[in-house]
Amino acid sequence: MREAFLINTLNKMSDRLIFFDTTLRDGEQVPGCQLNTIEKIEVARQLESLGVDVIEAGFPVSSPGDFNSVVEISRAVSRPVICALTRAVENDINVAAESLKYAKYRRIHTGIGTSDEHIRYKFNSTREEILERAVAAVKYAASKRAEVEFYAEDAGRTDNEYLARVAEAAIKAGATIINIPDTTGYCLPDEYGAKIRYLMEHVDGLANGKAILSTHCHNDLGMATANTMSGVLNGARQVEVTINGVGERAGNTSLEEIAMILKCHHDIPLECGINTQRITAASRLVSSLMSMPVQFNKAIVGRNAFAHSSGIHQDGVLKNTTTYEIIDPKDVGLDESDIVLTARSGRAALRHRLSALGVKVDIIAMNRIYEAFLKLADKKRELTDDDILMLAGADLSAKKHVKLEALEVTTGKGVVPDATIKLNVNGESFTAQSTGNGPLDASIKALKKIILRTMTLKEMTIQALSKGSDDACKVHMQVENDGHLYYGFGSDTDIVTASVEAYIDCINKFKPQENG
Ligand code: KIV
Ligand code: ZN
């Protein structure tokens, strides 16, 4: 069945699958993952070298920062199409078109909710009115010298017959890509595939290649990748994905998973432009800049994705890797380089490692990272790639008005935890002491005697970077100040110091007038 449909449809269609990356739009709108323009450019360059076809660079009308990022990304990369998101609103489309003015290849991604839930509760409207608004937005966008992609938000829960009418009207109005988002991550793979197939069979303009369908799946039920593949096998020719699967709630479909599925399953007759050997560098760059750790057992890019731990597996792999490995680690850019970074390594070795990991730094930042590297290398025998990325990420993350100069903590069973902290605030040193119900509580209470702001620790996660009691740990923290949430991270071989560093990283991100 599947084969018959595939042969019939694919013979008439392109055999290339377009990769549309939305790390910088759907991925970046996640709280705590925000990037500044310089960081976004760095990610965009990495995406270009990874071979993505389209970069969704932002939602320009949402903020001047987003607008500016789309402008700068358009200047910085030239091979991929640069795409800007809009609602079905003329002003959004004007702003998007303006933000794309330097892009060599431009795309406006406009659309509207089409499910009955969206039509009734979000728009208090009717199907007919929504269809008219969709057509008007596509026509307007098409007048802006850009290709037009139309999204039917919540298509996953939209009635297929109505969805087909909207898609056909959007194509007639000038859209050449129709995006079918499973916005809520609700669909089952069969259901999503059947939806794509229904559209392929019922919408004029799809079978003859005038327009293509795009998948855009969310991972609320852990089915984003399965749904995307089901969409592709039923005729979609563009996939909307993010690095590491970052995105709203449980995230979006992972770019690396789809790219490696195509590489491993030779029976799927589709080509793509992804240079899979760049996947690891891209994953680490995004994780580090977004302060978003990758789940250890995440497919393709998790720390354990290529680690064999059980004796039986190790034995098999030693005899022949194909026994337990379907992917050659080199195919995702995991090199087996033997450059071991220790306290005796020089700047050249560190720079080489950073560049292999996809991180480019200027001389000033390099000097700072090297200093931090030497301090950490004194405490750890060997520095891992995660350590290096964490040091680079920490350095790039903020201007540091507040710095931790010293921290002394007394704690233990039967002892009242006591901390003395020395901070440098805008060049001046201050010391304070406090007790607390634990070493971290004592340290933060002492810190609050120096930084006189109302701030509340909202969330904290601690991650060991590799193995062993000499390992550095990385702490992610969320602190509230003046109604805003700030995200920070810190690392050290001492868990309390790493936590205080993360707290201070948050303080350094407070708006200037709020800084203590
Ligand atoms: O998930 C979604 O529906 C989206 C659209 C705005 C494309 O991100
Ligand atoms: Zn989305």
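All ligand and atom numbering here is 1-based and tracks the order in the structure.
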### Query
Could you state the interatomic distance from NZ (Lys195) to OG1 (Thr158), rounded to the nearest 0.5 Å?
6.0 Å

### Task
Give a yes or no on whether Glu248 keeps an N, O or S atom under 2.8 Å from the Zn ion (ligand 2).
no

### Task
Say whether Asn234 and Tyr192, considering side chains only, have a donor N or O and an acceptor N or O under 3.5 Å apart.
no

### Task
If the plane angle is over 60° it's perpendicular, under 30° parallel, otherwise tilted; pick one for His202 and Tyr198.
parallel

### Query
Would you say Glu240 has any N or O atom under 3.5 Å from an N or O of ligand 1, going by distance alone?
no

### Task
Output the distance between atom CD1 (Ile112) and atom CG (Asp154), rounded to the nearest 0.5 Å.
12.5 Å

### Task
Tell me yes or no: between the side chains of Thr22 and Thr242, is some donor less than 3.5 Å from an acceptor?
no

### Task
Specify which N/O/S atom of Asp26 comes nearest to the Zn ion (ligand 2), by atom name.
OD2

## Note on the structure
Near Pro181 (heavy-atom distance under 4.0 Å), the atoms of ligand 1 are 2 (C), 3 (O)

### Query
Once you round to the nearest 0.5 Å, how far does CG of Leu354 lie from CG of Leu391?
8.5 Å

### Message
Can you tell me which portion of Arg25 lies within the under-4.0 Å heavy-atom range of ligand 1? Options are side chain, backbone, both, or neither.
### Response
side chain

### Query
Which bit of His216 gets closer than 4.0 Å to ligand 1, counting heavy atoms only: side chain, backbone, both or neither?
side chain

### Query
What protein heavy atom is closest to atom 1 (O) of ligand 1, reported as residue, atom name and distance in Å?
His218 NE2, 3.0 Å

### Task
Classify the angle between the aromatic ring planes of His118 and Phe123 as parallel (below 30°), tilted (30 to 60°) or perpendicular (above 60°).
tilted

### Message
Could you measure the distance from the CZ atom of Arg120 to the OG atom of Ser115? Nearest 0.5 Å is fine.
### Response
9.5 Å

### Between Thr225 and Glu257, a side-chain donor and acceptor under 3.5 Å
yes

### Message
Out of all atoms in ligand 1, which are within 4.0 Å of some heavy atom of Asp26? Include the element for each.
### Response
8 (O)

### Task
Determine whether the side chain, the backbone, both or neither of Thr22 has a heavy atom under 4.0 Å from any heavy atom of ligand 1.
neither

### Task
Please indicate whether any nitrogen or oxygen in Thr183 is less than 3.5 Å from any nitrogen or oxygen in ligand 1.
yes

### Task
Using the Zn ion (ligand 2) as the apex, give the angle to atoms NE2 (His218) and NE2 (His216), rounded to 10 degrees.
100°

### Query
Does Glu153, backbone or side chain, put an N or O under 3.5 Å from an N or O of ligand 1?
no

### Query
Any idea which atoms of ligand 1 are less than 4.0 Å away from a heavy-atom of Asn179?
7 (C)

### Message
Would Tyr151 count as a polar contact of ligand 1, with the cut-off being nitrogen or oxygen pairs under 3.5 Å?
### Response
no

